[in-house]
**Student:** 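Quick one: this structure, given as structure tokens, is what I'll be asking you about.
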Amino acid sequence: MKLNDSIQYVKGIGEKRAQTFEKLGIKTVSDLLYHLPRDYEDRSEIKNICDLIDGENVCVCARLTASPRSFKSRNRLMVTQTTVSDGTGIMKITWFNARYIENQLRGDREFVFFGNVTYKGRNAEMVNPVVEVYDGKGRKTGRIVPIYPLTAGLTQYNLRTAIENVFEKLDERIENTVPDKIAKKCLIMDTETAMREIHLPNDFESFKRAKYSLSFEELLVMQTGIQMIKGDRKKYYAEGFSDVKCVGEFAKTLPFELTNAQKRVINEVCADVKKNIPMNRLVQGDVGSGKTVVAAAAMYSAVKSGFQAAMIAPTEILAKQHYKSFTKMFEGKNIRIALLTGGKSKAKTEALSLIEQGEVDIVVGTHAVLTESVKFKKLNLAVTDEQHRFGVKQRATLSEKGKNVHTLVMTATPIPRTLSLILYGDLDVSIIDELPPGRKDVKTYAVGENMRGRINKFIASKIAEGRQIYIVCPLVEESETLTAKAVTEYAESLSKGAFKDYKIDVLHGKMKAKEKDAVMERFAKGETDILVSTTVIEVGVDVPNASVMVVENAERFGLSQLHQLRGRIRRGVHEAFCVLFCKSSGEFAKERMKIMQETNDGFKISEKDLILRGPGEFFGVRQHGLPELKIANLSEDMEVLKMAGIAAEEILKEDRELILPQNQNLKKRVMKRYEEVGGKGILN
Ligand code: ADP
Ligand code: MG
């Protein structure tokens, strides 16, 4: 059996069951091996019956003292009972609805029973224990037993035996990815041993080492990939901006005084772009801290120095909003700005040719800017707004439209500081840690359905004061079409019910650009009272008069996402309120809602989010551009991540292109991983 074989050839699986395995994403033998236990149960301890303690989970090795007896109980359950003895005492055993167990208990031999011990008076008893014949090497008992993530139609037994069969029949080595030298230094187990140990641990110590080894391996692949993408930028020559002084003049024309934090960050940016090495700076600042004007200042300096600048934003709404504010900020300053979004039009074709001829100074747009048809004459500043919504590769694509351009990426810190330093290791980081004056915290309330009436009255009173309201509904099963339908229906029900006297509009991702514009326009002008929307308004949208944000099914959102949503109403001069309708009363949901009520600090929230949800969901595969981690857990494995980062650096320092023989397995894994996220060709 080979690693790339279909699992239908694994003993006991076959064609039909293979389809069920596929639901877990398992197609090949290798996939099966990487389907790791989600937990373990320690069934390694075998005790004498006389030593059993009430309430413990433990194995007992004993013989039956009487044949099992089955009967129907009064509430029509099938009950099977027997008693066993190990020479130190007697224990009663009961199974419910498991008459087949009688067949397993045949013969005068020793069995191992694993279960929870209870005492009825002085008599020990187990209910529904796991049982197997004692032969010195247990499968289900007498060891640490893996517990796998399952799907309907599969049992733990199916997975355990499938994996055991693979280990028995595999006639191909599972190769090491970590080069020997690094493996030795970092105490990494060889991959095959680690694989066995993680599925069939001998003891917790060796299991821990196995887990560490496989996590390290996975993170090394990730770190090597990231570092290769980043490249050794500092080696390159960039053209510096000749005029950064103009930024001071520009600041004077703004309708507000910059905060000290904004001034500091703009100075840091200016110091970078003057140099002959490409700037590579991340600006982190909470929602509403005023990052846009920092980008504007940098772009202004680029243009006044004779270059073009480009800025991409993750949604069309946001791109258009930036376009508008730049148009206003740069009014009368002799700067030509173009907006580029998806689709085709005559105007767009014209714009493309103007950009290529250098007749446009600043381009603001969506992903559309990244397409091949967009060519610049002298791009020297690339800005990515809300960078967490773009992949590593996409950011690189924008920069590649010029030669060694200066890059600025901006984020509202959905990634905790520690993590961003490692994931974006070679970025210089500037932090805007101050909000413009007068911004108050958004009062946040997590409520249940029982508060619906009161909240509706509250909303009505706010509208009476002249304010506007956002109501946000979650995505439906990740399908935009269904989501659009749900949001539209919800808005309709509101306009017939509680809010029939108000003007309600709907906004969702499936709408045509023109329709979206019209909706945003009406809302911005104050013509609409309530905007019912999906998370398309999550990033950046700025309507100061809106002061209430209602989130339906808030438990389905990530904390950072809720914080971003809440940021939509922290802009104006009005007191702002966020209402989180929460359908779940579970501890997890409660804990998260509590955090939202307690703090308005984006840094704190993102750190909690990472701890509570784990990085898989925290990032969301589609959002961060990195594939999911199967083994490592970024919130627990920070130290391992750091080590892997250093190791990757060490490897690449010696072998930038991964040509050396000892790095070939690593190279293969890196290629595979980054192809999965569309990063093909990163190595050439
Ligand atoms: P974010 O950091 O979330 O991108 P924006 O750049 O969109 O924030 O700024 C939010 C709002 O604050 C905008 O309306 C902007 O004009 C305003 N703003 C930015 N800086 C200042 C300042 N120093 N004083 C007052 N208002 C500011
Ligand atoms: Mg912004």
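As the structure lists them, so they are numbered: ligands from 1, and atoms in each ligand from 1. Worth saying up front: this structure is predicted, and the values here are computed from it rather than measured.
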**Student:** If every non-hydrogen atom of Lys375 is compared with every non-hydrogen atom of Ile355, which pair is closest and at what distance?
**Tutor:** O-CG2, 3.3 Å
**Student:** Using a strict 4.0 Å cut-off to heavy atoms of Thr259, name the atoms of ligand 1 that fall inside it.
**Tutor:** 23 (N)
**Student:** State the atoms of ligand 1, each with its element, that fall below the 4.0 Å cut-off from a heavy-atom position in Thr292.
**Tutor:** 4 (O), 5 (P), 6 (O), 7 (O)
**Student:** Can Arg281 and Glu268 be counted as an ion pair, charged N to O under 4.0 angstrom?
**Tutor:** yes
**Student:** So, 4.0 Å and heavy atoms of Gly288: is ligand 1 close enough to count as a contact?
**Tutor:** yes
**Student:** Return yes or no for this condition: an N or O of Gly290 is under 3.5 Å from an N or O of ligand 1.
**Tutor:** yes
**Student:** Inspect the contact between Lys440 and Glu575 and indicate whether a charged nitrogen and a carboxylate oxygen are less than 4.0 angstrom apart.
**Tutor:** no
**Student:** Under 4.0 Å from a heavy atom of Val287: give me the atoms of ligand 1 that qualify, with their elements.
**Tutor:** 3 (O)
**Student:** Can Glu257 be said to touch ligand 1, with heavy atoms closer than 4.0 Å?
**Tutor:** yes
**Student:** Between Asp433 and Arg264, does at least one N-O distance fall below 4.0 Å, as a salt bridge requires?
**Tutor:** yes
**Student:** Could you pull out, from Lys263, Lys291, Arg570, the option with a heavy atom nearest to atom 1 (P) of ligand 1?
**Tutor:** Lys291
**Student:** Which one holds for Leu258 and ligand 1: side chain close, backbone close, both close, or neither close, with close meaning a heavy atom under 4.0 Å?
**Tutor:** backbone
**Student:** His406 and Phe241: aromatic ring centres closer than 6.0 Å?
**Tutor:** yes
**Student:** Using a strict cut-off of 4.0 Å, indicate which atoms of ligand 1 neighbour a heavy atom of Arg439.
**Tutor:** 11 (C), 12 (O), 17 (C), 26 (N)
**Student:** Taking the six-membered ring for Trp, are Phe330 and Tyr300 parallel (under 30°), tilted (30 to 60°) or perpendicular (over 60°)?
**Tutor:** parallel
**Student:** Any salt bridge linking Lys594 with Glu591? Criterion: basic side-chain nitrogen under 4.0 Å from a carboxylate oxygen.
**Tutor:** no
**Student:** Where does Gln262 meet ligand 1, judged by heavy-atom distances below 4.0 Å: at the side chain, the backbone, both, or neither?
**Tutor:** side chain
